[in-house]
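Shown next, in structure tokens, is the structure this report addresses.
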Amino acid sequence: MARTPNRLLLSPVCLLLIASVVVTGFAPMAEAQRGPQVDEVDNSPALRRSGTVVKNWVKRPSGNPAEEQQFEDYFDKYYFPTMTQTSPDALGELGKLRYDLFRQYIDPAAPEVRKKLTEKAYAFANRVIRGRYHRAVKYNAVLILGSLTTDGTTPLPAASTFLCRISGFASKGRLPGYMQAGALVGLSQHAAVIDRLPEEQQKLTLAALAEATTKEAVAGTGGKLTQDWLRSRAAAAIAVAAKQLDTGAPAPLIVKLIGDDSMTLNARCTVAGTLEGLKLPPDGSAAKTLLELASEVAKDEAEEANEFEELQISSRGTRSAMQFNKSQRYMLDPVESRVVYLREGLAGRLEPLRRGLQASLATAGDSAPAVETAVSAISKVLEVATSNDTIDLDVAAAVKSMATSLQNTPPAAAAEEADSGDETDLPDEAADLF
């Protein structure tokens, strides 16, 4: 049975009030002065020991008022308050408590109990996010929101809406970056089944994810690697949602992100892989952008390969020489005291790039021959890098050969032209993504 949404929690007025309190609830100075908020836990032995009884009751509710009250007390006075405590041990248990909440109580519960417990969990997460609780407690509450469903598969519409609001406030710097991260984890889960959501939540989810792909939206989430990871995750979620909804409208946004040189090459290659199976613009812009990225990647990898060869051939791949070399593609083997090529990292970068190029081939137009050349060159490197019958110098040689093959790819101006135009601008309303 599908869960009936809580009308009070879904009320637009209620959500507006929640959103306003969320913003004020994160005043850092006030929180620093008063300290994290915690709820009182009823640690009476009878209540603490009732977990097993409640676990069985949620599956087969008896209708006994006393047992139902025990269920209410267990979660209201013990389980949820335990998730607000701030001792190191308590914070270390948050993940397990969240996991057990779903796997042992909500997921196996009878429909009417699932509905009630889902409402309790939503109300708890709502209250924690609005309060002065520890950041780990708040982050855990956001993750709870992302996992709430009406029937085990369909995201709870109210939770989806709230996650979009959290992401939106965080994108504007009005909530901490960790809240943005937590919201994107949940929205990524929702994107995988977005066709199950009402149209309003579909639009809100796509808009929140689209905004999260921008550099400005994740500016407060931490270092560059963290920011790029979040932008890549948002792009991947958009691609998954677009495939679910059978629309190619978000594709220009993803193509634009692939050409964004403010992201690392690894992140851009990761985003390139999300184009697989997506309806791409018919103007060849995807192919041009991907060819430019392939050229940049080939140049970067060739420089690493040259340095690796010099260390190997000149016998300078020793501990003393490696002290002055910092590379993401090779390292000193501490056991054998020699330089080794990091093939996994190479494959991890090239494989999604190849998938993106292959996806662009159907709409590549005049760029099709160049795309085929790039795919072939990258495939040869991957074949050598993943073979147990090759040595590291073979990999370096294959990388240099790839770079030579890609020297005649379209110039950067072609990709820049593909990035221009209003059609790739982020929409004010998510309806533009349909």
Side-chain angles (χ1 to χ4, degrees), residues 6 8-9 14-15 17-55 58 69-106 116-148 156 158-159 162-163 165-166 169-170 174-183 185-186 220-222:
N6 185 308
L8 176 60
L9 295 179
C14 180
L15 288 170
L17 290 174
I18 290 171
S20 64
V21 179
V22 167
V23 178
T24 58
F26 278 97
M29 183 176 296
E31 185 165 333
Q33 291 174 344
R34 291 177 287 181
Q37 178 181 351
V38 295
D39 294 345
E40 182 179 354
V41 179
D42 184 344
N43 276 311
S44 59
L47 194 57
R48 284 161 45 199
R49 289 196 300 266
S50 63
T52 301
V53 175
V54 172
K55 195 184 306 179
V58 298
Q69 187 60 52
Q70 186 178 41
F71 158 80
E72 299 278 354
D73 290 344
Y74 180 72
F75 285 102
D76 293 344
K77 298 180 180 180
Y78 177 74
Y79 200 94
F80 286 128
T82 300
M83 298 175 84
T84 69
Q85 305 307 298
T86 59
S87 70
D89 288 344
L91 294 175
E93 287 292 308
L94 282 176
K96 182 178 185 303
L97 286 170
R98 185 181 69 253
Y99 179 87
D100 289 346
L101 172 65
F102 288 95
R103 296 297 177 263
Q104 296 189 14
Y105 297 102
I106 294 180
K116 180 176 293 187
L117 188 49
T118 298
E119 290 172 352
K120 280 184 177 294
Y122 178 81
F124 166 75
N126 227 324
R127 178 169 56 81
V128 166
I129 291 169
R130 290 185 283 119
R132 295 183 295 102
Y133 295 87
H134 190 282
R135 60 183 295 164
V137 174
K138 285 177 173 287
Y139 181 74
N140 187 60
V142 177
L143 295 183
I144 287 175
L145 281 181
S147 298
L148 292 175
L156 184 68
F162 201 5
L163 287 174
R165 291 180 179 272
I166 290 171
F169 280 124
R174 298 167 67 183
L175 286 179
Y178 67 85
M179 298 291 281
Q180 171 83 307
V185 169
T221 57

Determine, step by step, whether Asp73 and Asp42 satisfy the side-chain contact (heavy atoms from CB on, under 4.5 Å) criterion, reporting the C-alpha distance in whole Å, the side-chain angles of both residues, the deciding distance to 0.1 Å, and the verdict.
-> CA-CA 9 Å; Asp73 290 344; Asp42 184 344; over 6 Å; no
Ring pair (Phe, Tyr, Trp, His ring centres under 6.0 Å) partners of Tyr79, counting only residues at least two apart =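 By the ring pair (Phe, Tyr, Trp, His ring centres under 6.0 Å) rule, Tyr79 matches Tyr74, Phe75, Tyr105.
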For residues Leu175 and Lys138, determine if any side-chain heavy atom of one lies less than 4.5 Å from a side-chain heavy atom of the other.
->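 Not in contact.
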For Thr86, which residues count as a side chain to side chain donor-acceptor pair (under 3.5 Å) partner, sequence neighbours excluded?
->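 Once residues adjacent in sequence are excluded, Thr86 has no partner under the side chain to side chain donor-acceptor pair (under 3.5 Å) criterion.
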Qualifying residues under side chain to side chain donor-acceptor pair (under 3.5 Å), relative to Glu40, sequence neighbours excluded =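 Partners of Glu40 under the side chain to side chain donor-acceptor pair (under 3.5 Å) test: none.
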Considering all heavy atoms of both residues, which atom of [X] and which atom of [Y] are nearest to each other, and what is their separation?
| X | Y | result |
| --- | --- | --- |
| Ile166 | Ala183 | CG2-CB, 4.0 Å |
| Gln85 | Ala90 | CB-CB, 3.6 Å |
| Leu94 | Ala136 | CD1-O, 3.7 Å |

Residues in side-chain contact (heavy atoms from CB on, under 4.5 Å) with Thr221, at least two apart?
->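 Expected list: Gln180, Val218, Thr226, Gln227, Leu230.
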Side-chain donor or acceptor of Ser50 paired with backbone N/O of Val53 under 3.5 Å =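 Answer holds: no.
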Any chance you could measure Thr82, atom OG1, to Asn43, atom CG, to the nearest 0.5 Å?
->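 Taking OG1 in Thr82 and CG in Asn43, the distance rounds to 6.5 Å.
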How would you list all residue pairs meeting salt bridge (Lys or Arg N to Asp or Glu O under 4.0 Å) that involve residues 79-98, not counting sequence neighbours?
->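 For residues 79-98: Lys96-Asp100.
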Counterpart residues, salt bridge (Lys or Arg N to Asp or Glu O under 4.0 Å), relative to Glu72 (two or more places apart) |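 Applying salt bridge (Lys or Arg N to Asp or Glu O under 4.0 Å) to Glu72 gives Lys116, Lys120.
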Sequence neighbours left out, what passes salt bridge (Lys or Arg N to Asp or Glu O under 4.0 Å) with Arg49? Give chain and number order.
->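 By the salt bridge (Lys or Arg N to Asp or Glu O under 4.0 Å) rule, Arg49 matches no residue at all.
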